[in-house]
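Following: one structure in structure tokens, then a few remarks.
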Amino acid sequence: MNSNTATKAKPRKHPVVLFIHKLGSPPWFYDFAGKFIPWLWLIFGVLTVLGLYLGLVKAPEDYLQGQSVRIIYLHVPAAWMSMMIYSSMAVMGFIALVWRIRIVEILAMASAPIGAAFTIVTLTAGSLWGRPTWGTYWVWDARLTSELVLLFLYLGVIGLYNSIDEPRKAARAACLLAIVGAVNLPIIHYSVKWWNTLHQGSSISLMGGSSIDSSMLYPLLIMAVATKFYYGANLLTRARIKLLEQDKRKAWVREILKEKN
């Protein structure tokens, strides 16, 4: 066979690369996300019911804190999510700034209200827990103060994004703020080690033994997993709505609206 006329097979793209390329297509992302959202909500609901039952009904009360310790099943998963969502937002913000993928910009901005809500839950539940434990709802403790700063960072990202009319410029500015604000995350995590604080240290270790009893640990971990499914379902739902708003004049959105009507 003549080498000049021989056709060369095109190299196949890596699945990750192919997924990233598809991610840049709003119609594909809209359909892709829509298939997962009902399952994410369902799993979240099942895990939440199971976790709350085990934590509020089956788990024993603490020998020191009594029934008030049950706030842990709300406070701790929410605290973990407040930091995880911000770190995810910062990573997505970096990707959005470097590769200019619009869907990632939308995902980063859609994460901010969810993360802010988890941070509010963290601070509120922590205050309610602090009253019987410390004798006060609030102290300017290093962990509490840095968590409050995290809430202000979330609100700053939301406010900056909504203050600029052009969505893509707004997203890039807010993503930059999210990246800068990520410096607060290690402060939150290590505050109980770096400073003498009222807030207790970590009771759970992924690399070693946990000081919390298994009867309390398992429902706590179940609730922690449940909140991640909530984040996924809420994030994809918000992202789809934002896509429809931004592309409302495009043909693919008009087709979807026709099908719904």
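Taking the side-chain contact (heavy atoms from CB on, under 4.5 Å) definition, one finds that E259 meets it with nothing, sequence neighbours left out. Judged as a ring pair (Phe, Tyr, Trp, His ring centres under 6.0 Å), and not counting sequence neighbours, the contacts of F32 are F19, W28, F36. For the side-chain contact (heavy atoms from CB on, under 4.5 Å) test, residues two or more places apart in sequence or in another chain that qualify with I164 are L160, K169, A170, A173. Not a single side-chain hydrogen bond (donor to acceptor under 3.5 Å, both in side chains) links Y73 to another residue, sequence neighbours left out. Listed by chain and number, the residues in a salt bridge (Lys or Arg N to Asp or Glu O under 4.0 Å) with R131 amount to none (sequence neighbours excluded). For T227, there are no side-chain hydrogen bond (donor to acceptor under 3.5 Å, both in side chains) partners two or more places apart in sequence or in a different chain.
Remark: Y161 OH is packed, more than 12 non-hydrogen atoms of other residues, nucleotides or ligands lying under 6.0 Å away. Annotation for Y230: atom OH does not count as buried by contact number, only 12 or fewer foreign heavy atoms lying within 6.0 Å.
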Just distance, no hydrogens or angles: give the donor-acceptor pairs under 3.5 Å from side chains in residues 249-256, sequence neighbours left out.
residue, atom, partner, partner atom, Å
W252, NE1, D247, OD2, 3.3
R254, NH1, R249, O, 2.5

Table please: side-chain donor-acceptor pairs of residues 41-57 below 3.5 Å, with sequence neighbours left out.
residue, atom, partner, partner atom, Å
T48, OG1, F44, O, 2.7

Please tabulate, for side-chain N and O atoms in residues 235-245, each donor-acceptor pair with protein atoms closer than 3.5 Å (sequence neighbours left out).
residue, atom, partner, partner atom, Å
T237, OG1, A233, O, 2.7
R238, NE, N234, OD1, 3.0
R240, NE, Y30, O, 3.0
R240, NH2, Y30, O, 3.3
K242, NZ, E245, OE1, 3.3

Can I get a per-line list of side-chain donor-acceptor pairs under 3.5 Å for residues 86-100, giving both atom names and the distance, sequence neighbours left out?
residue, atom, partner, partner atom, Å
Y86, OH, A178, O, 3.0
S87, OG, M83, O, 3.3
S87, OG, M84, O, 2.7
S88, OG, M84, O, 2.9
R100, NE, L97, O, 3.3

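Taking Ile, Leu, Val, Met, Phe, Trp and Tyr as hydrophobic and joining them when side-chain heavy atoms fall under 4.5 Å apart, one finds Y218 isolated, its cluster having no other members. Listed by chain and number, the hydrophobic cluster partners of I158 come to none, as no ILVMFWY side chain reaches under 4.5 Å of it.
Of the possible donor and acceptor atoms, one in the side chain of N184 sits under 3.5 Å from a partner among the backbone N and O of S146. A distance-only check finds a donor-acceptor pair linking the side chain of T122 to the backbone of A78 [under 3.5 Å]. Between the R102 side chain and the S25 main chain, no donor and acceptor come within less than 3.5 Å of each other. A donor-acceptor distance shorter than 3.5 angstrom exists from the side chain of S191 to the backbone of I188, with no hydrogens or angles considered. At least one donor-acceptor pair under 3.5 Å links the side chain of Y154 to the backbone N or O of S82.
When side chains are defined from C-beta on, E147 counts as touching T119, because their heavy atoms get closer than 4.5 Å. With contacts defined as side-chain heavy-atom distances shorter than 4.5 Å, the pair F118/P77 does not qualify. Put simply, the side chain of C175 reaches to within 4.5 Å of the side chain of M109, judged on heavy atoms.
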Would M81 and V121 count as a side-chain contact (heavy atoms from CB on, under 4.5 Å) if you check the C-alpha gap in whole Å, the side-chain angles of each, and the deciding distance to 0.1 Å? CA-CA 10 Å; M81 288 303 297; V121 171; over 6 Å; no
Please assess L123 against W138 for the test side-chain contact (heavy atoms from CB on, under 4.5 Å), listing each intermediate value before the final yes or no. CA-CA 9 Å; L123 293 170; W138 182 267; 4.0 Å; yes
